[in-house]
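Reminder, nothing fancy here: chain letters follow the sequence lines and each chain counts from 1.
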Amino acid sequence: MSSEQNGDGPAPEEPGPEARPAPRTLAEDLRARDDAALAALLRARPDLLSPVPGDLTQLATRAGTRASVVRALEGLDRFTLQTAEALAVAPPPGAAGPTVRESLATLLPGEEAAERLPRALDELRARALVWGDGDGGGENPRLVRTARELLGSPSPTGLGPPLAEAVGTARLSPARLQEILGAAGLPATHDPVSAVSALTSLFTDPDRMSALLDGAPEGAVPLLRKLEWGPPHGTVDVANPSRPVGWLLDRALLVPAGPDGDRSESRGERADRSDSGGGTAAAGTVVLPREVALHLRGGRAHREPQPVPPAVAEERVHPPETVDAAAAGQALAALATVEELLGHWETEPPPVLRAGGLGVRDLRRAAGLLDVPEQQAAFWAELAYAAGLVASDGEVDEAYAPTPAYDDWLRAAPPERWALLATAWLAATRVAGPVGERDTKGKALAALGPGLDRGPAPDVRHRTLTLLAGLPPGTRPDRASLHERLRWERPLQAHRDPHRTGRRPADGTDRGPAPAPAPPDTPPAAEEAPVTLRDRLAHWTLEEAELLGVTGRGALASFARPLLGPTVPGERAPAAPGTAPAAAAGTHGGAAEALRNGRPREEQEAEAAEAVDRAARALAPLVPEPLTEVLLQADLTAVAPGPLERELSAFLGLMADVESKGGATVYRFTPESVRRALDAGRSAADLHSFLAGHSRTPVPQPLTYLIDDVARRHGRLRVGAASSYLRCDDDALLAGLLADRRAAPLRLRMLAPTVLASAAPPDQLLARLREMGYAPAAESAEGDVLLGRPDVRRTPPRRPPEPVPDRPPLPDAALLTAAVRAIRAGDHAATLPHKPKAPASTPPDGGLPRTVMADTLATMQSATLTGTPLWIGYVNADGAASQRVIAPVKVEGGFVTAYDHTADEVRTYPLHRITGVAEITED
Amino acid sequence: MNGGPLIVQSDKTLLLEVDHEQAEACRRDIAAFAELERAPEHIHTYRVTPLGLWNARAAGHDAEQVVDALVRHARYPVPHALLVDIAETMARYGRLTLVKHPAHGLVLESSDRAVLEEVLRSKRVQPLVGERIAGPDAADGGSVVVHPSERGQIKQVLLKLGWPAEDLAGYVDGEAHPIRLEERDAEGNAWSLRPYQEQAVEGFWHGGSGVVVLPCGAGKTLVGAGAMAKAQATTLILVTNTVSARQWKHELVRRTSLTEDEIGEYSGTKKEIRPVTIATYQVITTKRKGVYPHLELFDSRDWGLIVYDEVHLLPAPVFKFTADLQARRRLGLTATLVREDGRESDVFSLIGPKRFDAPWKEIENQGWIAPADCVEVRVSLTDSERLAYATAEPEEKYRFCATTDSKRKVTEALVRRHAGEQTLVIGQYIDQLDELGEHLGAPVIKGDTSNAQREKLFDAFRQGEIGCLVVSKVANFSVDLPEATVAIQVSGTFGSRQEEAQRLGRVLRPKADGHEARFYSVVARDTIDQDFAAHRQRFLAEQGYAYRIVDSVDLLSGRDLPPQELPGGTPGADDGAGRPGDGTGAGELSGDEG
């Protein structure tokens, strides 16, 4: 929509002449802001910082590029976005007409909207989406052009183009316009422009408009109502209209969407690529002019203005202690699960697929091992990966194995271990949810494999949990309302899932407790609300938080609260806060608040570490003390009524089979399990004394008998009471060993000519012999060579995967300050010599202007902001050079769209054909 | 983390700490929906199964109560997934109902169309149902005709599909027949049902059909009598054998208003059909020329109640017949609902869910059954026996080690030691029993002993005229020998857990002087006999009967016994001293047998 540029609307340069010089461009507005405000802008839109812009003009230019604006719009909540949408459709302030603020008040009716509007405008201005005079853009806040284009045509509100534009597109003849005036009961005018403005003022006058519509034939108003909420286009038989349609067309209440009759007029270079609806204008298409639609809507821009964030409803309130207990239980279970998984992988590392990731079969095996669904197994694997506990070992036959960090993690106390997992989870951009789905190329996504990064994940996790934290303790939120709230906070992001192709039917069935009322994959609110990435992320967040023990019974655990930071997140990962501060603050001046958090990185890190500490400390009292005793029973079971100390559970796990896991552990002694303990080098006496030492009750007689029976037979097969033996066909060698002094501690004894017995356990014997330079091999009970337990695998030191945010990292305070200073300085440099330089570089007729491409681009971009006409040198397709005066409207994708004063029309020029630019001196 | 007695495991087992002060309250709460799986001394294990949850639903409990009971008593937080699972499982019950339709007879009805569609698509359901009934509100539900004879079958199939049907079709009253419990028995002694028997009868009657599990000797017959008195209708009682049939008859005549003439016996010898008829499983399952000639018994009268004694032994054909009897009230009685064939769930779906269950030890503590001392006597085989055992054919191994001479000697010593006490010697192998009978001078009851002879011997044993009886597995069940105080098991049906329990049951009737019963299991050490014994003992060990293991050498020398138990002590000492010298002789003997 370049109407403003083309002169048929009020020109953009038209400023409200006031006492103070009002900013004429975004750059001027920026220049007028203080450093804090600039820093806030850079914080809210960190993409503007890479690379650091040279001056404020460049900053303003960059802030106006399409990609950056789209990104900035995505960061808005629904009401701020609605405000921007309303701004995009608000009529430009006329000399007599209402100010933009007044228009906004009509477009966004309601007390709550009025109350929140200033803040929304502040927010928009802080993000440099709106500029103008003073707070919130003054009386006439202006939406930056790119945003206006993005939100104006077609408008998300479903409003069509203004009448003037619609008439222009339709190319109604002046005679036809006069006919329309007559039909509408207006006096004839002299020219089309005044005719259109007369009609416009009729349409914007509610009383006269109502009167006009009252006189409509039957069927006309319902017809309009059909288009009322958009899309504003409809198809009718224009050539031979029915009576109501004819009546409406005759009064320009409906306007043909394409040029009347002549549709093949388009020139070689399309004037405006983002023409609203023009692309779809078929013969019978009509459009409902914006003014008419607004009248029908009673002036409002949105069917439902949503100034107030929807509250997160509570589904159930549990006592906070219950929640904490449940979450703590789950937290312990999470630790056990990760340990079990990695404990398995350290002896049997699963191979890495060639394309990266864990094979389906290995995942299934892990799921079987953990006794969980595959989807959950993927989550545990991803969690361990994100926490840096497991990684690819980098060998030739690549396999996943625990990292050295895993050993440290194992040694830590349970609360610390949990806190580490939880922080890693919060900050990770990798998500396990899509594992098993197919990416856009139809390739299945493997756990630990590529393609699982979802940029908004940390933000969504944070927002979701922060919303939970906002509820009274112990409250389990109603999921539908939670999703609704998240959608409200980021309406635009919600509608974008670039990774998504198809949904597996299993998605909703393999989880989702029945009491959870609404499967989040089917948001109940909207008519056709698609399942968006954010929805899914939020769903995964809730599921995973429950698994991890961040929540219990659906409510946030008290010990997880410190992880969310004081008011805003202070994660060590740079990704999360990038968007979170603004999100945390919701509508309320997020960018401004963001500034306060621009503390030095070290401070943030210290704070994050402190938060982790606090979480661990809060969890500690909820973790049951490890027990040192078990209950032995005559049915050959042992019950540990709580978690056991590590060594104890290891020993017990060796001599008995685990029958049941959970808060308690049930072990069953079988001959096999006892034998296993004996095979591992324990003696029957060891077992007896161990049981006697750790049993709360007397050892039942059948158990004593079992151990003795097994031990008796075990001994029968091997070396009796001796701990180990040594045999060798070479008598001399054995004799030599016996005589060797170094072998004395082994207390070797010759049993037979080829057999020595030793009092040392086999492992010691082996070790000692190896020390002495022999190469002994252990024997199994069968006499085979016994291979030692396979070595526990470790990768070389590995770093956990860096989160891959989908937006640039949040700059810290130092960078911000430096950047602002640099921009300022550059700006001074650019603005001061600007004036003397300008005429010098202007050759009115001194041949083609020649400038380097970077300058060309910069000048062009700043001209789009100011709307100043430029001289350009242009070489056309035939190689003919010419000079043209153009007013650039848009610079994008290597093309500049401009109003060509020489040709008197809008044209698009490829940038590479432009030899140079020069400003026109307006002496 | 509160201090509750219950630990809820993620694998759906519940561990109950028995010594905890709230253990009893907790047990009452969870018994409604969880199956007692093991009851050893310190920690009892319950299991939450879909069946148990559905039974709880049928008994009027809802998921909220179940979850509340778990959460209230649990020491550690209850895994959320488990709670969700419970709610989901319980919600499946009652989506399908079997009801009587005024026009179409028995119909399967559902308010949930999707569920109905799902089960109707199952290949196993399709042959059991007739046409769909198009109701006025077919959109949100529907019903389908079920042939009355498939009532049991469809319930069984639906249970397997995970959508148990609630049977609201009710029961036929049957032919009325007045039965009441007498307040005084035939000898004129006042008696009444014990509290747990009352509860069992109530539980059964309230549920309509089902199984009552009571330990041996706890008076299951009286539960049957109580149920009959409730039903006031003609009753068919199915029992394991003729002796047991006679005992039932005797007991019923003694304790109820029924007279001899009102009770018929339907067995191999007699074919009486009276208002109360007692039939044996054997006669019912007799097959001639591919048909069951005695099946008409089920239709010969309009029975109002069918009692299945020792329901864990219910032979497979009877399951099939039972499926056709779903409109009649059914009562199953058993002490040990463990079937080695794993068909427990068939019992539940065809006879009915478990309506009452009492741990053995609990009944013992209340004094209704005698406390028992279970002893496993480990017999070391002689070297020659060991050699013979090692070289025996695999299929002969058990028989060989179970019948060795060393065992016989130990058994004889045990009998001698308990001389003066009523002793049963129970075994599996007839030649072994015959030999024992000969050595002990005791009569032998086995399969080919006539019923009259059996009754005579049992009577003499009850009267104390015979002090020791050698019995084969015919006496495993339903033989009421109140005064037996010592049982010695010399061999068994391999690893059968319920057999072991039933045999223990023979000595559990409370003794007149209240003294302890004794159960010896003589086991050959280091043989397959020992492995089987371990398996056999599992049920009892899980019921809290802790076996003592005693070495035969210790036993024979009298070193094992608590002092007050020593009955003279000399015979044991003699035998122990004589034992080492026996080695060769025993070896020769076993060589003959092998």
Exceeds 12 heavy-atom contacts within 6.0 angstrom, atom [atom1] of [X]:
X	atom1	answer
B/Lys361	NZ	yes
A/Asp371	CG	no
B/Glu64	CD	no

| task | With a 4.5 Å cut-off on heavy-atom pairs, point out which of A/Leu332, A/Thr322, A/Asp324, A/Val666 contacts chain B the most. | result | A/Val666
| Who wins among A/Gly642, A/Gly554, A/Pro671 for the most heavy-atom pairs under 4.5 Å with chain B? | A/Gly642
To the nearest 0.5 Å, what is the distance between [atom1] on [X] and [atom2] on [Y]?
X	Y	atom1	atom2	answer
A/Tyr705	B/Gln530	OH	CD	10.5 Å
B/Arg538	A/Leu636	CZ	CG	9.0 Å
B/Thr45	A/Gln633	OG1	CD	7.0 Å
A/Ser660	B/Arg47	OG	CZ	7.5 Å

Is it the side chain or the backbone of [X] that comes within 4.5 Å of chain A heavy atoms, both, or neither?
X	value
B/Ile549	both
B/Glu376	neither
B/Ile43	both
B/Leu540	neither
B/Gln537	neither

| message | Assess the residue pair A/Asp635 and B/Arg38 against the criterion (salt bridge (Lys or Arg N to Asp or Glu O under 4.0 Å)); give the C-alpha distance rounded to whole Å, side-chain angles, the decisive distance to 0.1 Å, and a yes or no. | response | CA-CA 9 Å; A/Asp635 63 347; B/Arg38 295 203 295 264; 3.4 Å; yes
| said: Tell me the closest heavy-atom pair linking B/Gln9 and A/Ala664, and the distance in Å. | reply: NE2-O, 2.6 Å
| query | So, for B/Asp11 and A/Glu659, which heavy atoms are closest and what is the spacing to 0.1 Å? | reply | OD2-O, 3.6 Å
Please examine the side chains of [Y] and [X], heavy atoms only from C-beta on, and report whether any two atoms are closer than 4.5 Å.
X	Y	value
B/Leu15	A/Pro641	no
B/Leu83	A/Arg553	yes
A/Thr697	B/His42	yes
A/Pro700	B/Tyr547	no

| request: Counting only heavy atoms closer than 4.5 Å, note whether A/Leu632 contacts chain B via side chain, backbone, both or neither. | output: backbone
| task | Please flag which part of A/Thr637 lies under 4.5 Å from any non-hydrogen atom of chain B: side chain, backbone, both or neither. | result | side chain
| message | Looking at B/Tyr76 and A/Ala325, would you say the former's side chain and the latter's main chain have a donor-acceptor pair under 3.5 Å? | response | no
| task | Flag the pair B/Arg378 and A/Asp709 as a salt bridge only when some basic side-chain nitrogen lies within less than 4.0 angstrom of an acidic carboxylate oxygen. | result | yes
